[in-house]
Amino acid sequence: MLDQSGSPTAEALHAPVLRWYDANARVLPWREPDAGAWAVMVSEFMLQQTPVSRVLPAYEAWLERWPKPVDLAVEPPGEAVRAWDRLGYPRRALRLHAAAQAIVERHGGDVPDDHAALLALPGVGTYTAAAIASFAFGQRHAVVDTNVRRVLARALTGVAQPTISPTAADQRLAVSALPADEPTAARWAVASMELGALVCTARTPRCGDCPIRSRCAWVLAGSPPYDGPPRRGQTYEGTDRQARGRLLAVLRAASGAVPKKTLDASWPDATQRDRALDGLVADGLVEPLGRNRYRLPS
DNA sequence: GATTCGTGGCA
DNA sequence: TTGCCAAGAAT
């Protein structure tokens with residue numbers, strides 16, 4: 001089943017991918033039938049740019065401590081930052097805390113099932129709103145993350161793409177590839193994402209295990225490598241990000257206020273260190289106290 | 001559209 | 001060893 005351009009139609013991919021998912025899906029706690037929308041939401045925040053293996057322990061501890069949005073909402077934001085541990089991008093912890101408060105204030109403490117209401121929450125963008133609506137509430141949305149983007153690009157357009165955030169064109173392609181009926185669309189969303197995570201991977205795709213290899217435009221084209229401009233590799237060593245991480249690690253480990261002198265010991269360059277600390281304060285991740293002391297925000 | 005924002009595992 | 005990559009959002 002091919003369209004005018006010689007690429008397979010999306011409909012031809014649905015059944016084999018859904019069958020593959022039924023047989024190969026990972027068992028993950030946020031996918032359990034009784035997980036609930038809050039569990040899905042917590043997992044989605046944590047999984048933004050952080051691998052599943054590192055999310056699992058933090059996720060379990062988080063839901064044990066804060067089983068409902070209101071449980072988190074009544075805590076100081078600094079507790080969320082502390083519990084975030086080393087997942088990275090700690091502003092996500094702050095946003096999840098703010099989102100929990102918004103859920104209590106605007107939605108009676110229950111994660112909303114409306115896509116627009118989800119999108120209005122702090123830290124919830126196009127992807128996360130669609131993911132919660134689809135995974136937790138079974139709705140029909142294009143859930144376009146880096147996995148889905150890669151799967152559709154290869155299978156339907158036949159090109160390898162660099163790992164960047166999905167574009168408007170990727171979004172349109174995903175919408176056009178969505179099954180018509182709601183429950184099938186919801187299963188397709190999680191199944192196509194799982195295929196990207198386990199088989200159609202970025203570095204070394206396991207095409208031998210792929211349920212749609214016989215229809216994949218990229219495979220049929222000889223698996224051509226990405227030929228566009230090279231991506232700028234993000235260095236980490238010596239950056240402000242690393243400095244911020246060091247400072248925040250000291251504050252997470254402390255129970256209360258920390259003297260600036262203690263923070264100073266965590267990064268050698270004074271100019272960069274102070275810039276990083278100012279940035280953390282500006283982001284609301286650190287609260288300045290009197291007498292040159294700092295702590296996680298209360 | 002391009003940047004900024006953590007952290008760690010792995011080929 | 002080092003660059004790439006991991007369920008993005010906000011600006």
Side-chain angles (χ1 to χ4, degrees), chain A residues 25-26 28-31 39-59 81 84-96 98-99 118-136 141-151 160-171 174 189-198 200-206 225-226 229-252 266-267 275-276 279-280 282-286:
Chain A
R26 290 169 292 182
L28 297 170
W30 46 86
R31 285 182 184 163
V40 171
M41 180 168 164
V42 170
S43 77
E44 290 304 333
F45 270 71
M46 291 184 169
L47 288 164
Q48 290 167 3
Q49 300 287 280
T50 303
V52 167
S53 60
R54 284 174 50 209
V55 162
L56 283 170
Y59 165 90
V81 174
W84 199 252
D85 198 37
R86 314 201 111 202
L87 290 180
Y89 295 147
R91 290 189 293 194
R92 290 182 292 166
L94 233 38
R95 290 173 185 150
L96 182 51
L118 287 165
L119 197 54
L121 296 173
V124 177
T126 306
Y127 162 77
T128 303
I132 296 170
S134 179
F135 301 162
H141 296 282
V143 183
V144 192
D145 75 327
T146 186
N147 291 304
V148 171
R149 173 176 190 269
R150 187 174 55 245
V151 168
Q161 292 186 328
T163 304
I164 59 171
S165 54
T167 64
D170 298 323
Q171 188 73 25
V190 68
S192 55
M193 187 177 306
E194 189 79 335
L195 185 66
L198 297 184
C200 192
T201 53
R203 233 170 311 194
T204 310
R206 303 168 58 191
Y226 170 67
R231 294 190 57 217
R232 280 186 47 207
Q234 51 171 28
T235 55
Y236 181 59
E237 199 67 25
T239 60
D240 282 15
R241 276 152 109 161
Q242 187 182 30
R244 287 167 56 108
R246 291 277 180 79
L247 293 168
L248 207 55
V250 172
L251 290 162
R252 274 198 313 265
S266 67
W267 195 259
R275 183 171 65 233
L280 288 170
D283 288 345
L285 284 163
V286 172

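Order of the sequence lines sets the chain letters (A, B, ...), proteins ahead of strands, with each chain counted from 1.
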Does the B/dG8 base have a donor-acceptor partner in the side chain of A/Thr50 within less than 3.5 Å?
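No.
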
Ignoring hydrogens and angles, answer whether the base of B/dT4 and the side-chain atoms of A/Arg241 contain a donor-acceptor pair closer than 3.5 Å.
no

Which of the following nucleotides, [options], is nearest to the side chain of [X]?
X	options	result
A/Met193	C/dC4, C/dA7, C/dG8	C/dA7
A/Arg54	B/dT7, C/dA6, C/dA7	B/dT7
A/Arg86	C/dA7, B/dG8, C/dA6	B/dG8

What is the separation between atom [atom1] on [X] and atom [atom2] on [N], rounded to the nearest whole Å?
X	N	atom1	atom2	answer
A/Ile164	C/dG8	CD1	P	13 Å
A/Leu119	C/dA9	CG	P	9 Å
A/Asp283	C/dT11	CG	C1'	11 Å
A/Glu44	C/dA6	CD	P	16 Å
A/Phe45	C/dA9	CZ	P	8 Å
A/Met46	B/dG6	CE	P	16 Å
A/Arg203	B/dC10	CZ	P	10 Å
A/Ile132	C/dA7	CD1	C1'	11 Å

Could you say whether A/Val190 or A/Arg95 is positioned toward the 5' end of DNA chain C, judged by the nucleotide with the nearest heavy atom to each?
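Comparing both residues, the 5'-ward one is A/Val190.
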
DNA chain C nearest-nucleotide lookup for A/Pro51 and A/Arg91: closer to the 5′ end is A/Pro51

Say whether A/Thr128 and A/Gln48, considering side chains only, have a donor N or O and an acceptor N or O under 3.5 Å apart.
yes

Using distance alone, with no hydrogens and no angle criterion, decide if A/Gln161 and A/Arg150 have a side-chain donor and acceptor under 3.5 Å apart.
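Note: A/Gln161 and A/Arg150 side chains miss the donor-acceptor criterion.
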
Any side-chain heavy-atom pair of A/Leu96 and A/Met41 under 4.5 Å:
yes

Side chain to side chain, A/Val143 and A/Val148, heavy atoms closer than 4.5 Å:
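The answer is no; the side chains never approach within 4.5 Å.
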
Quick one: side chain to side chain contact (heavy atoms under 4.5 Å, CB included) partners of A/Gln49, sequence neighbours excluded?
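In terms of side chain to side chain contact (heavy atoms under 4.5 Å, CB included), with neighbours along the sequence ignored, A/Gln49 is linked to A/Tyr89.
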
Regarding [X], tell me which of base, sugar-phosphate or nothing describes its non-hydrogen contacts under 4.0 Å with the strands shown.
X	value
A/Gly88	base
A/Ala131	nothing
A/Trp84	nothing
A/Leu87	base
A/Pro166	nothing
A/Thr126	sugar-phosphate
A/Leu28	base
A/Arg150	sugar-phosphate
A/Val124	sugar-phosphate
A/Thr167	nothing

With a 3.5 Å distance limit and no angle check, can you tell me whether A/Arg92 reaches the backbone of A/Phe45 through a side-chain donor-acceptor pair?
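Answer holds: yes.
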
Say whether, by atom type as modelled, one donor and one acceptor occur between the side chain of A/Thr201 and the main chain of A/Leu198 under 3.5 angstrom.
no

Is the shortest side-chain N/O distance from [X] to OP1 or OP2 of [N] below 4.0 Å?
X	N	answer
A/Tyr236	B/dT7	yes
A/Arg244	B/dG6	yes
A/Thr128	C/dA7	no
A/Gln49	C/dG8	yes

Note: for A/Arg252 and A/Ala168 on DNA chain B, the residue whose nearest nucleotide lies more 5' is A/Ala168

Would you kindly compare A/Pro90 and A/Thr204 by the position of their nearest DNA chain B nucleotide and give the one closer to the 5′ end?
A/Pro90

Using atom [atom1] in both nucleotides, what's the gap between [N] and [M] to the nearest angstrom?
N	M	atom1	value
C/dT2	B/dC5	P	24 Å
C/dG8	B/dG1	C1'	16 Å
C/dA7	B/dT4	P	23 Å
B/dT3	C/dC4	P	16 Å

Please, which pairs that meet salt bridge (charged side-chain N to carboxylate O under 4.0 Å, His left out) have at least one residue in residues 43-54 of chain A, sequence neighbours excluded?
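Qualifying pairs, neighbours excluded: none.
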
